Amino acid sequence: MVLICLLTLAATVTSTIASINEAEFAPEDIITKDVAIIGGGASGTYAAVRLREDLNTNIVVIEEKDRLGGHVNTYVDPISNISIDYGVEAYLRYGDTAAFFTRFHVPITPYTQSPQTSVYVSTTSGSNLTSYTAPSLEAQIGAIATWLNLTEKYANITLPGLWNFPAGSNIPSELLLPFGEFAQRHGIEAAAPIFTVVSNVGIGGIEKVLTLYVLFAFGIPVTQEFLNSSLFVPANLSNSVLYDRAYNLLRDDVILQSRVTIGERSANGVKLVIQSKNSTSKKLIKAKRMLFTPPPSVRNLEPFGLTGNETAALSTFTGTWSFAAVARIPAIPAGYSVYFYAPDATLDNYLGIRDWPWTLSITTAPKIPPEEHLFEILFAANYSLSHADAKRIITTAVQNLTISGTFASNSTNATIDFVAFQDHNSILWRQPASELRAGIVQDVYALQGQHSTWYTGGLWSEDYTGNVWAFTDSVLPRLIASLHSNGTR
Ligand SMILES: Cc1cc2nc3c(=O)[nH]c(=O)nc-3n(C[C@H](O)[C@H](O)[C@H](O)COP(=O)(O)OP(=O)(O)OC[C@H]3O[C@@H](n4cnc5c(N)ncnc54)[C@H](O)[C@@H]3O)c2cc1C
């Protein structure tokens with residue numbers, strides 16, 4: 001349990017790098033707002049629209065990239081002019097998700113997967129995993145229906161987010177079982193492939209991950225929507241359109257390509273120095289509250305001068321390194337999906353498919369003319385690696401597909417040309433059961449509102465857009481109440 005130091009709580013929290021001298025800023029470079037939102041991805045954009053348009057609160061969004069949308073990545077193929085959404089693909093209807101699309105006049109349509117021939121190959125050799133047969137559709141549906149039956153009773157402690165999650169012996173003991181034991185006990189091993197492919201959970205071995213964390217990855221809403229086939233996508237538009245339209249609405253209150261370099265936080269508000277990537281100009285933002293939406297790692301929060309108890313709680317998370325790409329791969333015929341599974345995945349061992357430190361899937365990009373051989377790639381690892389490292393592993397894996405004879409080779413086709421490549425690194429709950437019992441969830445949630453700092457984003461809820469928006473809707477009333485409670489409004 002993290003010890004809360006009252007002295008630290010009471011103090012103004014200042015970055016250790018430098019302190020802010022307001023006199024150094026020209027009046028036109030000082031922006032005064034109710035709420036400063038850090039990050040303009042799914043949760044930051046949603047929060048900005050809700051706060052400014054619905055909750056009568058003035059805001060500013062600080063986003064480090066040159067666009068809003070976070071994990072939404074769209075590549076427009078210059079040959080066919082067709083868009084490929086190679087990050088976020090489809091949306092849950094959970095909460096008010098569909099209504100947010102309607103608000104921006106983005107029509108939606110049910111998500112359908114384009115038919116593909118699936119090939120399962122070994123991560124080590126690229127050869128066909130002849131010992132592996134994917135579970136039948138019936139077996140998968142049966143397993144995830146059982147999973148839903150077993151977990152629905154936990155909605156009140158896991159949705160939206162962990163506000164009501166218990167500590168100590170009040171944590172349901174089966175949630176603290178390793179997932180392998182839970183799955184075997186209930187005969188739901190056939191759910192492992194879909195859990196891992198959809199949510200990327202369990203890199204290095206899903207059987208060792210606590211059942212609670214598998215529930216965070218493939219929770220009640222996503223399970224229901226898979227069973228009901230109710231996922232949706234924008235109709236005839238890319239996923240980026242929603243964020244482009246949100247940007248058009250919010251434009252005057254969004255600062256792109258900028259980061260906070262120094263933050264000072266107290267119970268009465270925050271002061272943030274903003275540095276643009278493309279110029280030496282700096283701005284000072286004075287806001288009554290800050291809403292932090294990127295992964296709340298100690299590193300990401302460094303400029304804000306974390307206190308001891310903040311550092312203690314936030315340093316318990318585990319990193320995750322993932323990359324999404326589009327690549328031209330002549331060796332793989334169009335219409336194929338290639339899943340790289342651990343060599344010990346077998347018909348009898350669905351739980352073993354992730355017993356490897358990285359995972360890779362290569363799927364045909366939908367609607368693209370077959371002669372283009374364009375594929376979407378998802379690669380993730382349970383260790384830190386750079387873009388170059390990730391590209392090297394993917395390239396070797398593709399070369400192995402022809403060396404092993406999985407796909408026919410000739411002198412020119414064992415190549416891979418990355419036409420788009422993005423990293424999606426984040427952090428995950430992976431603390432052991434002992435820390436959960438000792439109250440780490442409560443310690444982390446106790447940070448909400450401290451030093452005028454509120455949080456939302458993928459760490460705080462199940463990490464799907466709909467869940468993150470629903471969680472954001474649970475933070476905003478608390479944030480607004482805090483604005484009123486100490487008379488800062
Ligand atoms: C490859 C991939 C595919 C996915 N597919 C789906 C899907 O099909 N359906 C679905 O519902 N969910 C999907 N998800 C999950 C979904 O993307 C997340 O739930 C959602 O994006 C989380 O929102 P967020 O605001 O927490 O993070 P993000 O959307 O990542 O937003 C965080 C933002 O903060 C910015 N930022 C980071 N650090 C700073 C800083 N210091 N200063 C300023 N800005 C900063 C980032 O640039 C980013 O724009 C997918 C995730 C990944 C990685």
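Note that this is a predicted model, so its numbers are computed, not measured. First listed ligand is number 1; within each ligand, the first listed atom is number 1.
Within a 6.0 Å radius of CD in Gln113, other residues, nucleotides and ligands contribute 12 heavy atoms or fewer. Within 6.0 Å of the CZ atom in Arg299, the count of heavy atoms belonging to other residues, nucleotides or ligands does not exceed 12.
For Tyr464, the ring pair (Phe, Tyr, Trp, His ring centres under 6.0 Å) criterion is met by no residue, not counting sequence neighbours. Checked against side-chain contact (heavy atoms from CB on, under 4.5 Å), Asp417 has the following partners two or more places apart in sequence or in another chain: Arg328, Val419.
The protein heavy-atom contact nearest to atom 1 (C) of ligand 1 is Leu378 CD2, 3.7 Å. Among protein heavy atoms, the minimum distance from atom 34 (O) of ligand 1 is reached at Gly39 CA, 3.4 Å. Among all non-hydrogen protein atoms, the one lying nearest atom 21 (O) of ligand 1 is His71 CD2, 3.2 Å. Among protein heavy atoms, the minimum distance from atom 47 (O) of ligand 1 is reached at Glu63 OE2, 2.7 Å.
At under 3.5 Å, a nitrogen or oxygen of Thr465, whether backbone or side chain, sits near a nitrogen or oxygen of ligand 1. In terms of polar-atom proximity, Tyr86 is not counted as a contact of ligand 1, lacking any N or O under 3.5 Å from an N or O of the ligand. Of the polar atoms of His424, none of the N or O atoms is found under 3.5 Å from an N or O of ligand 1, judged by distance alone. Any N or O atom pair closer than 3.5 Å counts here, and Gly458 shares at least one such pair with ligand 1. Looking at Ser322 next to ligand 1, no N or O pair under 3.5 Å apart turns up.
Between Leu92 and ligand 1 there is no heavy-atom distance shorter than 4.0 Å. Proximity of Asn300 to ligand 1 is not established, as no heavy-atom distance is less than 4.0 Å.
Of all atoms in ligand 1, listed by their number and element, those nearer than 4.0 Å to a heavy atom of Glu89 are 5 (N), 7 (C), 8 (O). Close approach to Pro294 involves these atoms of ligand 1, each under 4.0 Å from a residue heavy atom: 34 (O), 36 (N), 37 (C), 38 (N), 39 (C), 45 (C).
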